Amino acid sequence: MSIDTTTTTGTTAVADLVSRSNRLGADKRNTNYAGGNTSAKGTATDPATGEDVELLWVKGSGGDLGTLSEDGLAVLRLDRLRALKNVYPGVEREDEMVAAFDYCLHGRGGAAPSIDTAMHGLVDAAHVDHLHPDSGIAIATAADGEALTAKIFGSKVAWVPWRRPGFQLGLDIAAIKDANPEAVGTILGGHGITAWGATSEEAEANSRWIIDTAEQFIAENGRPEPFGPALDGYAALPGAERRAKAAALAPVLRGLASTDKPMVGHFSDDAAVLEFLASAEHPRLGALGTSCPDHFLRTKVKPLVLDLPAGASIGESIDRLKELHAGYREDYAAYYNRHAVSESPAMRGADPAIVLVPGVGMFSYGATKATARVAGEFYLNAINVMRGAEALSTYAPIEESEKFRIEYWALEEAKLARLPKPKSHATRIALVTGAASGIGKAIATKLAAEGACVVIADLDLANAQAVAAELGGGDVAVGVQADVTDAAAVAAAVDAAVLAFGGLDLVVNNAGLSISKPLLETTEKDWDLQHDVMAKGSFLVSQAAARVLIAQGMGGDILYISSKNSVFAGPNNIAYSATKADQAHQVRLLAAELGEYGVRVNGINPDGVVRGSGIFAGGWGAKRAAVYGVDEEKLGEYYAQRTLLKREVLPENVANAAAVLTSAELSHTTGLHVPVDAGVAAAFLR
């Protein structure tokens with residue numbers, strides 16, 4: 001049932017709410033991704049009675065203000081929501097009220113109501129915003145935040161001491177608004193802000209006024225060095241050196257961060273991060289952790305901070321990071337054991353979500369690229385919060401016990417349990433060469449559809465970037481230029497992969513070309529080009545990838561797209577078939593060598609992949625058609641008729657085989673060549 005919004009207060013309450021939310025959510029100064037919530041109250045016709053009913057539209061659980069649409073709103077009857085005050089069992093049992101929201105839904109109810117629904121429904125204002133702006137949280141986390149609130153805002157903004165989000169916080173804010181008629185909003189201790197208005201425009205203006213006023217006060221009254229003086233030796237490394245060191249550390253760090261379960265990574269060398277790490281107070285502030293619940297639910301209670309200067313060598317840094325990681329896990333387990341009770345969910349994992357490396361930047365981790373990136377964005381917000389709080393006062397986040405109550409909240413556990421089952425290649429990072437067209441593009445597309453992050457490596461950068469955009473952009477795929485015959489270019493492509501996604505799990509050697517000539521017409525240049533691209537190219541890519549896979553310590557896959565011609569002796573393709581045989585034996589050699597590291601090496605032998613093939617379109621098709629005496633446009637049909645299954649082989653058929661070979665279902669298979677040729681008896685492996 002769709003809600004008729006034509007009779008809502010002001011006739012456009014929902015539209016105004018969505019547009020206000022999008023404007024507020026588009027500016028990182030106002031709130032973080034998926035952080036905060038907004039609401040509107042109004043009247044609509046109840047289709048069951050034909051009478052007007054008062055409703056609350058509020059951003060649903062897990063939604064993002066910047067991209068919110070009407071579908072993302074929960075819709076509740078205000079009379080029933082307000083009546084919950086009569087059955088409220090008290091703060092010790094307030095979590096029970098979340099289930100009661102379901103009995104207040106109007107019609108189909110829209111999105112699932114969030115924990116903050118009570119705040120929006122109980123506050124006596126037509127429009128309410130709850131946001132997590134850096135400037136507001138800076139005041140909220142200052143040691144003298146209550147006094148600062150009065151000094152900065154006077155009677156227009158009230159202070160609310162820290163309270164975990166829930167029904168009681170809604171009651172508290174409602175009471176504070178009733179007792180302070182001049183107030184337009186509140187500072188929520190350790191958390192964020194809430195503002196309200198009689199109209200959508202007024203609520204938005206009040207939210208922005210609180211944010212801007214706090215920001216201006218900090219700028220005009222804050223200390224010039226809130227993080228302390230510069231720390232000798234901790235300044236940011238030059239750009240190229242910084243990113244080279246990040247690429248060298250990334251595989252090791254991802255392996256450490258994935259000790260409990262595989263993670264995807266994100267790297268940031270934002271100037272604010274580098275400034276923080278170059279300042280004397282960063283060890284103290286880092287140890288205090290984040291405060292806003294939206295922050296530490298994504299960043300964990302505190303980061304792992306490398307305690308070495310920027311000039312420390314790669315080897316020294318890795319050794320120390322491994323020591324610090326072991327200590328971090330012990331500390332996290334101790335934190336869990338200090339606060340866990342019999343009803344607490346099991347510990348979810350003791351690895352850090354944020355790793356800070358002086359002079360280099362920040363590595364953040366999550367179950368997807370998007371969650372890893374957002375975790376980093378939230379820690380950047382936390383740095384900005386600490387800067388503001390330290391500029392005016394002393395940063396004083398909420399107590400560790402309160403952080404635990406939220407991190408291991410039964411409601412948070414229930415939200416995690418509702419997440420969809422991961423796809424077969426979730427958390428896996430793949431690099432596919434020659435991926436801008438044909439078989440390579442089909443493989444990249446299939447792996448991305450199965451949940452992998454994919455690096456589209458191709459000689460044609462523009463096409464590689466276009467394919468990456470087609471697959472979903474930076475949180476799914478990136479396009480890089482890669483000449484597989486050039487060791488430096490291959491190394492750069494692998495570095496780009498680890499900087500984009502944190503590491504590497506799966507490499508597909510697909511780049512190739514084909515020269516169809518008989519022996520006496522094949523030149524030395526033909527031979528060298530064919531072998532440089534496919535034999536040498538596969539060797540260089542596998543070598544560079546193996547360095548990352550071994551350093552990461554998470555196993556992995558190397559897959560060769562070889563050919564039926566690696567075992568079948570056909571006419572007029574000496575250079576092509578010989579190099580395919582080279583690739584086929586590389587599979588066996590590397591399977592034997594890399595097995596001890598948990599790296600599987602397998603191959604696929606396609607044949608007759610005409611449609612969508614860059615090789616066939618580049619002249620190979622015409623030459624093979626001439627050899628077989630058929631029209632070029634009939635070549636696919638010709639190949640199909642000579643197979644046992646009488647089926648034409650498509651790029652997608654090869655992609656399906658690639659996905660299966662690199663999935664958990666074949667976790668114990670290595671050194672195998674799988675034919676995808678519709679059945680060519682002469683190419684049966686013996």
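For the numbers below, each heavy atom of this structure counts, side chains included, while hydrogens, waters and symmetry mates do not. Given the structure is predicted, the values throughout are model-derived calculations rather than measurements.
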Criterion side-chain contact (heavy atoms from CB on, under 4.5 Å) on N602 and V674, from CA distance to verdict: CA-CA 8 Å; N602 292 294; V674 174; over 6 Å; no
For [X] and [Y], work out which heavy atoms get closest and say how close.
X: I429; Y: G503; result: CG2-O, 3.3 Å
X: V587; Y: G603; result: CG1-N, 4.0 Å
X: L431; Y: A497; result: CD1-CB, 4.2 Å
X: S317; Y: L249; result: CB-CD2, 4.1 Å
X: A367; Y: V264; result: O-CG2, 4.1 Å
X: L540; Y: V490; result: O-CG1, 3.7 Å

Does [X] use its side chain to pair, donor to acceptor, with the backbone of [Y] at less than 3.5 Å?
X: Q583; Y: S538; result: no
X: S279; Y: E275; result: yes
X: K245; Y: A312; result: yes
X: R242; Y: L237; result: yes
X: S364; Y: A372; result: yes
X: Q481; Y: L459; result: yes
X: T643; Y: A640; result: yes
X: N653; Y: V649; result: no
X: T371; Y: T368; result: yes

Side chain to side chain donor-acceptor pair (under 3.5 Å) between Q586 and D582, worked out: CA-CA 6 Å; Q586 284 187 38; D582 186 314; 2.9 Å; yes
Side-chain contact test, heavy atoms from C-beta onward, threshold under 4.5 Å: evaluate it for [X] versus [Y] and give yes or no.
X: H282; Y: V305; result: yes
X: H295; Y: Y379; result: no
X: V252; Y: L321; result: no
X: P606; Y: I561; result: yes
X: N605; Y: D677; result: no
X: V601; Y: R588; result: no
X: F501; Y: V478; result: yes
X: V494; Y: L504; result: yes

Y638 and K634: CA distance, side-chain angles, deciding distance, side-chain contact (heavy atoms from CB on, under 4.5 Å) verdict: CA-CA 6 Å; Y638 170 81; K634 300 289 187 180; 5.7 Å; no
Atom [atom1] of residue position [X] - does it have more than 12 heavy atoms of other residues, nucleotides or ligands inside 6.0 Å?
X: E633; atom1: CD; value: yes
X: Q543; atom1: CD; value: yes
X: K322; atom1: NZ; value: no

Return yes if a side-chain donor-acceptor contact under 3.5 Å exists between [X] and [Y], otherwise no.
X: D458; Y: N463; result: no
X: S542; Y: N509; result: yes
X: H425; Y: T662; result: yes
X: T579; Y: Q530; result: no
X: K369; Y: H266; result: yes
X: D526; Y: T522; result: no

In terms of side-chain geometry, is the basic nitrogen of [X] or [Y] positioned less than 4.0 Å from the acidic oxygen of its partner?
X: E377; Y: R373; answer: yes
X: R642; Y: D607; answer: yes
X: K300; Y: D351; answer: no
X: K525; Y: D532; answer: no

Rounded to the nearest 0.5 Å, what separates atom [atom1] in [X] from atom [atom2] in [Y]?
X: Y328; Y: L304; atom1: OH; atom2: CG; value: 7.0 Å
X: K536; Y: D528; atom1: NZ; atom2: CG; value: 9.5 Å
X: K580; Y: S562; atom1: NZ; atom2: OG; value: 5.5 Å
X: R254; Y: M554; atom1: CZ; atom2: CE; value: 4.0 Å
X: Y560; Y: N510; atom1: OH; atom2: CG; value: 13.0 Å
X: T433; Y: I456; atom1: OG1; atom2: CD1; value: 10.5 Å

Side chain to side chain donor-acceptor pair (under 3.5 Å) evaluation trace for S577 with N565: CA-CA 5 Å; S577 294; N565 285 27; 3.3 Å; yes
Considering only distance and modelled atom types, tabulate donor-acceptor pairs under 3.5 Å from the side chains of residues 441-452, sequence neighbours left out.
{"unit_1": "K441", "atom_1": "NZ", "unit_2": "E470", "atom_2": "OE1", "d": "3.4"}
{"unit_1": "T445", "atom_1": "OG1", "unit_2": "K441", "atom_2": "O", "d": "2.7"}
{"unit_1": "E450", "atom_1": "OE1", "unit_2": "S424", "atom_2": "OG", "d": "3.0"}

From CA spacing to verdict: side chain to side chain donor-acceptor pair (under 3.5 Å), S563, S566: CA-CA 5 Å; S563 170; S566 66; over 6 Å; no
Evaluation steps, side-chain contact (heavy atoms from CB on, under 4.5 Å), between V355 and L306: CA-CA 8 Å; V355 178; L306 178 62; 6.0 Å; no
Derivation and outcome, side-chain contact (heavy atoms from CB on, under 4.5 Å), residues V357 and F363: CA-CA 8 Å; V357 180; F363 299 83; 3.9 Å; yes
Audit row: D270, S268, side chain to side chain donor-acceptor pair (under 3.5 Å) steps and yes/no: CA-CA 6 Å; D270 187 280; S268 171; 5.0 Å; no
Check against salt bridge (Lys or Arg N to Asp or Glu O under 4.0 Å), D260 and R348: CA-CA 8 Å; D260 287 318; R348 298 191 193 102; over 6 Å; no
